[in-house]
> 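This structure is in structure tokens; I'll ask about it shortly.
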Protein chains: 2
Amino acid sequence: MVDIARLAGVSVATVSRALTGSPLVTAETRERIEAAVRQTGYAVNPLARGLRRQEARQILVLVPDIGNPFFSEVLLGIEEEAAARGFSMLVGNTAKDPAREDRHAGQMLTGAVDGLILLNGRLPPRLQRDRDFDGWIVAVSEAIPGGRVPVVGIDNAGAAAAVVAHLAGLGHRRIGHVAGPESNILTHQRLDGYRAGLRAAGLKPASWLIRHGDFTIPSGEAAMTSLLSLPAPPTAVFCSNDEMAIGAIRALRASGHEVPRDVAVAGFDDIQFAGTYEPPLTTIRQPRRRMGAEAMALLGRRITGEPGAGGDVTLPFTLVERRSSVG
Amino acid sequence: MVDIARLAGVSVATVSRALTGSPLVTAETRERIEAAVRQTGYAVNPLARGLRRQEARQILVLVPDIGNPFFSEVLLGIEEEAAARGFSMLVGNTAKDPAREDRHAGQMLTGAVDGLILLNGRLPPRLQRDRDFDGWIVAVSEAIPGGRVPVVGIDNAGAAAAVVAHLAGLGHRRIGHVAGPESNILTHQRLDGYRAGLRAAGLKPASWLIRHGDFTIPSGEAAMTSLLSLPAPPTAVFCSNDEMAIGAIRALRASGHEVPRDVAVAGFDDIQFAGTYEPPLTTIRQPRRRMGAEAMALLGRRITGEPGAGGDVTLPFTLVERRSSVG
DNA sequence: TTGTATGCGTTATCAG
DNA sequence: CTGATAACGCATACAA
């Protein structure tokens with residue numbers, strides 16, 4: 001910057017002003033400075049600026065598994081909105097490990113990042129005690145226990161109920177459910193919606209039609225296999241995510257059943273391969289990319305202290321009817 | 001830090017030395033300082049440290065599409081290795097847009113990041129002219145034209161040849177190929193391998209058995225449809241990635257062919273759903289996570305100036321034989 | 001072994 | 001409108 005100043009024949013203070021778009025600079029002076037910048041290829045040092053301004057213009061996203069397509073699509077939305085707002089995106093993989101969560105969360109304390117987006121369903125331990133950062137944390141998809149963190153997501157219970165309504169509308173009366181892990185908030189929201197959907201269709205929720213998986217394909221296979229061993233197996237199954245639905249279909253196929261003729265199957269999320277699978281999967285489409293973008297927008301507003309920052313954001317979902325349920 | 005100094009009754013310089021692990025500190029003094037740190041929850045400001053040391057302890061990964069499972073798994077490997085080495089990972093989505101590439105690449109020039117990992121097959125324009133950063137750039141999977149950047153990946157030609165050998169070994173004599181985009185380096189490497197594999201099996205490469213797609217499912221469908229319209233369609237098809245292989249299978253199914261009975265299909269990459277698809281896909285498994293980790297390790301060594309930094313890294317691939325080819 | 005002083009590159013305050 | 005200068009938080013050369 002001192003070089004630019006010399007080249008343009010002004011002080012560094014003026015260079016700084018010109019570069020930050022201050023109105024206190026003559027058009028002519030500004031032009032000289034910009035010429036010097038172009039000539040030298042100079043670029044402001046973000047570390048120095050950040051140190052001075054006490055901000056980093058970076059945000060951190062904590063993800064349990066970057067490799068999971070659901071999360072990576074959310075990341076895409078976050079990145080685009082972040083870039084549009086002049087923020088860079090740091091990504092930390094936590095693998096649901098509290099120690100890693102804390103290590104990454106340390107970047108909030110040190111000022112390395114200005115905000116935090118959580119995709120992993122909970123606050124890192126050290127942030128649970130420390131409420132100082134509450135205003136700079138946003139969650140996506142999965143609500144954070146404690147209710148301190150605003151969430152950007154869909155109405156999971158409503159979506160689950162919509163799936164059940166669809167299945168019931170097809171004439172099914174024994175509708176099973178492959179739920180997620182017990183501890184997961186989404187599991188409960190979707191389970192509640194499943195029950196509500198049954199009641200709305202005049203059916204009685206029965207706990208023996210419910211199995212818990214862990215959102216993986218093998219767990220969906222195991223859950224379906226278990227359901228099939230029932231004296232009166234379900235004729236339709238709503239799975240809490242698409243991976244488990246694919247697992248369920250595999251189990252059905254392995255035991256000689258045809259989908260949806262013998263058993264209808266529905267998933268949740270509309271991951272990339274849901275529409276390509278054989279049979280294509282009936283599922284709930286979540287606007288993942290938009291969820292990411294909205295979360296970043298909300299966080300950005302909070303960081304820059306814009307007035308209408310707002311709280312929770314609920315986005316619309318879509319029930320996508322495909323061959324796994326409607327043959 | 002000044003607080004810590006006061007608390008421990010030493011100067012900030014000593015605190016700094018203690019925190020950076022300098023040997024010039026009494027065990028006893030160090031203990032007092034560490035106690036003060038624990039008590040206050042103090043953490044070093046990375047911006048200040050970075051400004052002083054002229055480093056950021058951050059690296060940037062440029063990805064064409066974060067949402068693509070292939071890339072996101074590589075990211076996972078990069079993140080883990082980066083974290084292990086004390087680096088944070090910034091991710092920039094380029095969508096193959098040179099303007100975005102340049103915007104992100106600017107972080108190299110400003111010193112916001114210490115290194116760059118390329119997953120998008122080319123150098124950002126502004127870095128093509130400027131060779132100053134050559135030592136701090138590493139590519140994964142896809143070689144960068146110009147040969148200035150070390151690549152971490154597999155022997156793509158060898159892998160393609162292995163697939164063809166497998167297909168030929170099954171008795172196929174008309175083996176088609178659905179290649180990637182013309183401009184892509186991987187396309188050419190795999191195309192070369194395909195031809196080499198044919199010759200090794202005593203078959204003659206024929207250009208009419210080759211179609212180009214763009215690595216998407218629909219493009220694979222279109223390519224296969226086109227191949228099927230041939231007077232003598234191939235009895236086996238090697239696709240340059242799994243998405244196109246899935247597209248090919250869809251096209252075959254749509255036109256009443258059964259896989260692999262009528263036509264055998266093989267893909268490349270072994271993405272998550274390759275093994276779950278119906279039929280499960282014969283493909284080449286790339287060690288994506290490890291590729292990411294090795295790339296970060298290489299970059300880390302270069303940044304810290306370790307002696308045996310090395311150049312290109314070629315990792316082993318695996319031919320995974322599944323039902324799409326061996327029925 | 002520890003303390004003092006300086007500079008890393010910017011921005012903001014205060015004069016002019 | 002512009003310039004001089006202090007301060008952001010830390011690491012290091014130099015003294016002690």
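Numbers restart at 1 for each chain; the letters A, B, ... are given by sequence-line order, proteins then strands.
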> What contact category does A43(A) fall into here, base, sugar-phosphate, or nothing, at under 4.0 angstrom with non-hydrogen atoms?
sugar-phosphate

> Can you measure L51(B) atom CG to dG7(C) atom P for me and round it to whole angstrom units?
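Answer to the nearest Å: 14 Å.
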
> From the options dA5(C), dT10(C), dT2(C), select the nucleotide whose nearest atom is closest to the side chain of V44(A).
dT10(C)

> Please evaluate residues D114(A) and Q58(A) with respect to the criterion side-chain hydrogen bond (donor to acceptor under 3.5 Å, both in side chains), reporting the C-alpha separation (whole Å), side-chain torsions for both, the decisive distance (0.1 Å), and the verdict.
CA-CA 6 Å; D114(A) 301 326; Q58(A) 297 189 141; over 6 Å; no

> In this structure, how many angstroms lie between the C1' atom of dG9(C) and the CD atom of E55(A), rounded?
15 Å

> Check this one for me: any side-chain N or O of T14(A) less than 4.0 Å away from OP1 or OP2 of dG3(D)?
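Looking at the OP1 and OP2 atoms of dG3(D), one of them is under 4.0 Å from a side-chain N or O of T14(A).
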
> Taking any heavy-atom pair under 4.0 Å as a contact, classify V25(A): base, sugar-phosphate, or nothing.
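Here V25(A) touches the backbone only, sparing every base.
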
> Just how far, in rounded Å, is P of dC10(D) from CG of L19(B)?
9 Å

> For a quick check under 3.5 Å, do Q286(A) and S141(A) share a side-chain donor-acceptor pair by atom type?
no

> Is a side-chain donor-acceptor pair under 3.5 Å present for N93(A) with E80(B)?
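No, N93(A) and E80(B) have no side-chain donor paired with an acceptor closer than 3.5 Å.
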
> I need the single residue from M296(B), E79(B), E81(B) that forms a side-chain contact (heavy atoms from CB on, under 4.5 Å) with F87(B). Which is it?
M296(B)

> Would the distance check show the side chain of T20(B) and the main-chain N or O of S16(B) forming a donor-acceptor pair, the cut-off being under 3.5 Å?
yes

> CG of L47(B) versus P of dC8(D): gap in Å, rounded?
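After rounding, the reported distance stands at 15 Å.
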
> Without decimals, in angstroms, what is the distance between Q54(A) CD and dG9(C) C1'?
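About 14 Å, once rounded to whole Å.
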
> Is T26(B) close enough to dT2(C) that one of its side-chain N or O atoms is under 4.0 Å from OP1 or OP2 there?
yes

> In whole Å, I'd like the distance from the CZ atom of R49(B) to the C1' atom of dC10(D).
8 Å

> Could you state the atom-to-atom distance from CZ of R17(A) to P of dA4(D) in whole Å?
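Atom-to-atom, R17(A) to dA4(D), this comes out as 11 Å.
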
> Taking the nucleotide of DNA chain C with the nearest heavy atom to each, does A48(B) or V10(B) sit closer to the 5' end?
V10(B)

> Can you tell me the distance, in whole Å, between the CG atom of N45(A) and the C1' atom of dG7(C)?
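Answer to the nearest Å: 13 Å.
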
> Can you tell which of dT2(C), dG3(C), dC10(D) lies closest to the side chain of M1(B)?
dC10(D)

> Just N and O in the side chain of T29(B): are any of them under 4.0 Å from OP1 or OP2 of dT2(C)?
yes

